[in-house]
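Take a look at the structure set out below.
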Amino acid sequence: MSKTPQAIRGTQDIFGAEAEAFAHVVETFERVRRLYRFRRVEMPVFEKTEVFARSLGETTDVVSKEMYSFEDRGGESLTLRPEFTAGIARAYLTDGWRQYAPLKVATHGPLFRYERPQKGRYRQFHQLDAEVIGAAEPQADVELLAMADQLLKELGIADGVTLQLNTLGDGDSREAWRAALVDYFAAHRAQLSEDSQDRLKRNPLRILDSKDPRDRAFVADAPKIDDYLSGEAQDFFGAVTTGLDAAGVAWTREPSLVRGLDYYRHTAFEFVTDRLGAQGTVIGGGRYDGLMESLGGPATPAVGWAAGIERLAMLVGERGDSVADVVVVVEDDAQFARGIEAVTALRREGLSAELVASGSPRKRFDKAVKMGVGAIASISTADGAAKISVRADDTLAARIESLLR
RNA sequence: GCGAUCGUAGCUCAGUUGGUUAGAGCGCCGGUUUGUGGUACCGGAGGUCGCGGGUUCAAACCCCGUCGAUCGCCCCA
């Protein structure tokens, strides 16, 4: 007695209408990414653990408890990628991609994070990813955001999604702001939630988007990044916003929007919806000028975003399985070969075709009807010869009849 | 890692305060009816009630554990 093994927790077997929606998202992304001249890259699904440990920072939750890490047979510590950016950054350094800078690349595929599954969150999940590496100009941020905006529009879901935009300033601005936040929240430490008391050490910026009412009371009066921005950082952000306006991309300023990872600078953004419950971020990203150095490379400016394919697919909604252009029904088993000839001829002419030739012969036509197709060609025997009758609207029927003659 | 709700045929679900051989619809297979036809009827296959313990004369139902799902917290896209 053997039991059927279960799928791994947090993984999905995507099928039917959901799979069609998933494919639609990916196909739309591929089309849009070409319009913006982003080059397709394929990346390994796993990397040396240090690629993620060094880029994300040892103390982040992702690294400390959410990575799928293991030793290979040679004793090397490897990790299933929890995000795209670190691997792409590594490739930029190890593969000499600097010669193509500024480099615009795009990819998509599975990522892995050991988290508690819930709506829109899985242990194996899938993202679209776009990066511009080696471009310090705000124009790169604008182009990247315009691409994300067009993607949402072409998917028909832009109406329910808003672009929240913020700046974290340059490295000095960010540090000064961070220090001010720590001072401010430390003064109210006892009144903060337990989570935020902990965040004060680990990740003080995250207190700003805490959902706990005890924290929210203090967030409103917390130090604002705008008061710490250098003139240069202000100019940069101004250039991004005027660029977005010129590109017709709607945005709202969200001063409490931060990034969880330390390498982010300047632009930070999320496309957010309230239609997906707690996992409302559909695209997120920002500028990560500090990342390359953490991997031992030269200072290299870069911006990027990632989008959750499952979340986009949920917003797109079920798309329904595609139906065959023609169903060929073999009503008499003696005509089986004729049925195969028929579907072959149809498919070669670019018509999708399905063959129905099993089960109770007298119910085969009903089966075809239930498939909800536009055209049905049935093959029976009359006077010892194959008799083909086609049910479809006139032009299609004529085309099918000529193909099957 | 924490909390809440849930887990009965392939699917969607019934199953009354614990009480005989656990049901329906859809789907699947077959038969009859119809015969250019999405009809109607009949029959069939398919379930150790997620899994493992416990309480009881008796458990799908009560208790404990476990696995999984869902929705939050955390984290994050």
Side-chain angles (χ1 to χ4, degrees), chain A residues 1 3-13 15-16 25 56 59-67 81-85 108 110-123 125-130 148 161 164 193-196 198-199 202-203 205-207 209-213 215 257-261 264 268-273 276-286 304-315 327 329 331 358-380 382 387-392 397:
Chain A
M1 285 286 272
K3 275 189 181 171
T4 305
Q6 299 296 298
I8 294 170
R9 178 168 207 196
T11 63
Q12 326 167 69
D13 303 311
F15 173 80
V25 169
L56 299 177
T59 59
T60 60
D61 272 20
V62 173
V63 171
S64 59
K65 47 192 182 195
E66 293 180 0
M67 294 204 307
R81 63 186 180 197
E83 59 145 32
F84 276 115
T85 307
H108 64 86
L111 293 309
F112 305 85
R113 241 119 105 161
Y114 192 86
E115 296 184 284
R116 188 75 169 260
Q118 62 188 68
K119 186 184 180 105
R121 194 173 83 178
Y122 305 93
R123 287 183 174 178
F125 58 105
H126 302 79
Q127 287 187 342
L128 313 171
D129 186 87
V161 180
Q164 301 184 342
S193 67
E194 296 75 20
D195 281 333
S196 284
D198 190 40
R199 279 191 275 241
R202 266 179 28 249
N203 200 351
L205 302 199
R206 278 286 169 188
I207 300 176
D209 54 13
S210 167
K211 291 166 187 163
D212 194 302
D215 300 330
L257 175 72
V258 295
R259 303 277 75 199
L261 307 175
Y264 283 99
F269 56 86
E270 288 182 9
F271 288 83
V272 182
T273 178
L276 292 178
Q279 310 296 325
T281 299
V282 116
I283 299 177
W305 56 248
I309 300 178
E310 287 87 352
R311 295 181 190 179
L312 290 172
M314 280 190 271
L315 290 178
V327 172
V329 180
E331 293 198 273
S358 64
S360 172
R362 63 192 329 170
K363 285 185 180 169
R364 289 178 194 175
F365 192 92
D366 289 340
K367 193 189 265 184
V369 168
K370 279 186 186 168
M371 292 167 95
V373 288
I376 298 173
S378 65
I379 306 177
S380 54
K387 180 186 175 224
I388 299 176
S389 45
V390 177
R391 186 175 102 169

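Per chain, numbering begins at 1; letters A, B, ... match sequence-line order. Worth knowing before you read on, the calculation uses all heavy atoms, side chains too, and leaves out hydrogens, waters and symmetry mates. Everything quoted here is computed from the prediction, not taken from an experiment.
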How far, in whole Å, is [M] from [N] if one measures between their [atom1] atoms?
| N | M | atom1 | answer |
| --- | --- | --- | --- |
| B:G31 | B:A45 | C1' | 15 Å |
| B:C71 | B:U12 | P | 15 Å |
| B:U17 | B:C28 | C1' | 38 Å |
| B:A4 | B:G43 | C1' | 46 Å |
| B:C13 | B:G7 | P | 11 Å |
| B:U16 | B:C62 | P | 10 Å |
| B:G68 | B:A60 | P | 25 Å |
| B:G37 | B:G46 | C1' | 30 Å |

Distance, rounded to the nearest Å, where [X] contributes [atom1] and [N] contributes [atom2]:
| X | N | atom1 | atom2 | answer |
| --- | --- | --- | --- | --- |
| A:Glu115 | B:C2 | CD | C1' | 15 Å |
| A:Arg364 | B:G38 | CZ | C1' | 18 Å |
| A:Asp129 | B:A77 | CG | P | 11 Å |
| A:Trp305 | B:C76 | CH2 | C1' | 17 Å |
| A:Ile207 | B:C75 | CD1 | P | 10 Å |
| A:Lys65 | B:C75 | NZ | C1' | 8 Å |
| A:Asp195 | B:G72 | CG | P | 17 Å |
| A:Gln118 | B:A77 | CD | P | 15 Å |

Judged by each residue's nearest nucleotide on RNA chain B, which is more toward the 5′ side, A:Phe269 or A:Lys211?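 On the 5' side of the pair lies A:Lys211.
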5' priority, RNA chain B, between A:Ser380 and A:His126 [closest heavy atom]: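 This one resolves to A:Ser380.
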Output yes when at least one side-chain N/O atom of [X] is less than 4.0 Å from OP1 or OP2 of [N], else no.
| X | N | result |
| --- | --- | --- |
| A:Lys367 | B:G27 | no |
| A:Lys363 | B:G30 | no |
| A:Arg202 | B:C75 | yes |
| A:Arg116 | B:U70 | no |

What's the verdict on side chain to side chain contact (heavy atoms under 4.5 Å, CB included) for A:Arg116 and A:Arg9, showing C-alpha distance, side-chain angles and the deciding distance? CA-CA 9 Å; A:Arg116 188 75 169 260; A:Arg9 178 168 207 196; 3.5 Å; yes
Ring of A:Phe125 versus six-membered ring of B:A77: centres under 5.5 Å and planes under 30°?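 Ring-base stacking flag set for A:Phe125 and B:A77.
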When all nucleic acid strands are considered with a 4.0 Å heavy-atom cut-off, which category describes [X]: base, sugar-phosphate, or nothing?
| X | answer |
| --- | --- |
| A:Phe271 | nothing |
| A:Ala278 | sugar-phosphate |
| A:Thr281 | sugar-phosphate |
| A:Gly286 | nothing |
| A:Gly285 | nothing |

Closest approach to the side chain of [X], judged atom by atom: which nucleotide of [options] is it?
| X | options | value |
| --- | --- | --- |
| A:Lys119 | B:G37, B:G72, B:A77 | B:G72 |
| A:Arg391 | B:A77, B:U36, B:G38 | B:G38 |
| A:Gln279 | B:G68, B:C75, B:A77 | B:C75 |
| A:Arg199 | B:A77, B:G27, B:C74 | B:C74 |
| A:Lys387 | B:A77, B:U36, B:C73 | B:U36 |
| A:Arg311 | B:C74, B:U70, B:C76 | B:C76 |

Main-chain N/O of A:Gly120 paired to A:Arg311 side chain as donor or acceptor, under 3.5 Å: yes
Sub-3.5 Å donor-acceptor pair from the side chain of A:Arg113 to the main-chain atoms of A:Pro82, do we have one?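 Yes.
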Can you check side chain to side chain contact (heavy atoms under 4.5 Å, CB included) on A:Phe125 and A:Ile309, steps first, answer last? CA-CA 8 Å; A:Phe125 58 105; A:Ile309 300 178; over 6 Å; no
Does A:Arg121 make a side-chain donor-acceptor contact with the base of B:C76, cut-off 3.5 Å?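 It does not, because no donor-acceptor pair links the side chain of A:Arg121 to the base of B:C76 below 3.5 Å.
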Answer yes or no: side-chain N or O of A:Arg259 and base N or O of B:C76 forming a donor-acceptor pair under 3.5 Å.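 No pair found.
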Please report the shortest heavy-atom distance between [X] and [Y], naming the atom on each side.
| X | Y | answer |
| --- | --- | --- |
| A:Gly285 | A:Tyr264 | C-CE2, 4.2 Å |
| A:Ser193 | A:Asp212 | CB-OD2, 3.4 Å |
| A:Ala368 | A:Val373 | O-CG2, 4.0 Å |

Is A:Arg391 close to A:Val369 at the side-chain level, that is, under 4.5 Å between some pair of heavy atoms? yes
Can you list the steps and then say if A:Ile8 with A:Arg123 is a side chain to side chain contact (heavy atoms under 4.5 Å, CB included)? CA-CA 9 Å; A:Ile8 294 170; A:Arg123 287 183 174 178; 5.8 Å; no
Given side chain to side chain contact (heavy atoms under 4.5 Å, CB included), test A:Val25 with A:His108 step by step and report yes or no. CA-CA 11 Å; A:Val25 169; A:His108 64 86; over 6 Å; no
Taking both distances under 3.5 Å as the test for a Watson-Crick or G-U pair, what stems of at least three pairs does RNA chain B have? B:1-7 with B:67-73, B:10-13 with B:23-26, B:28-32 with B:40-44, B:50-54 with B:62-66
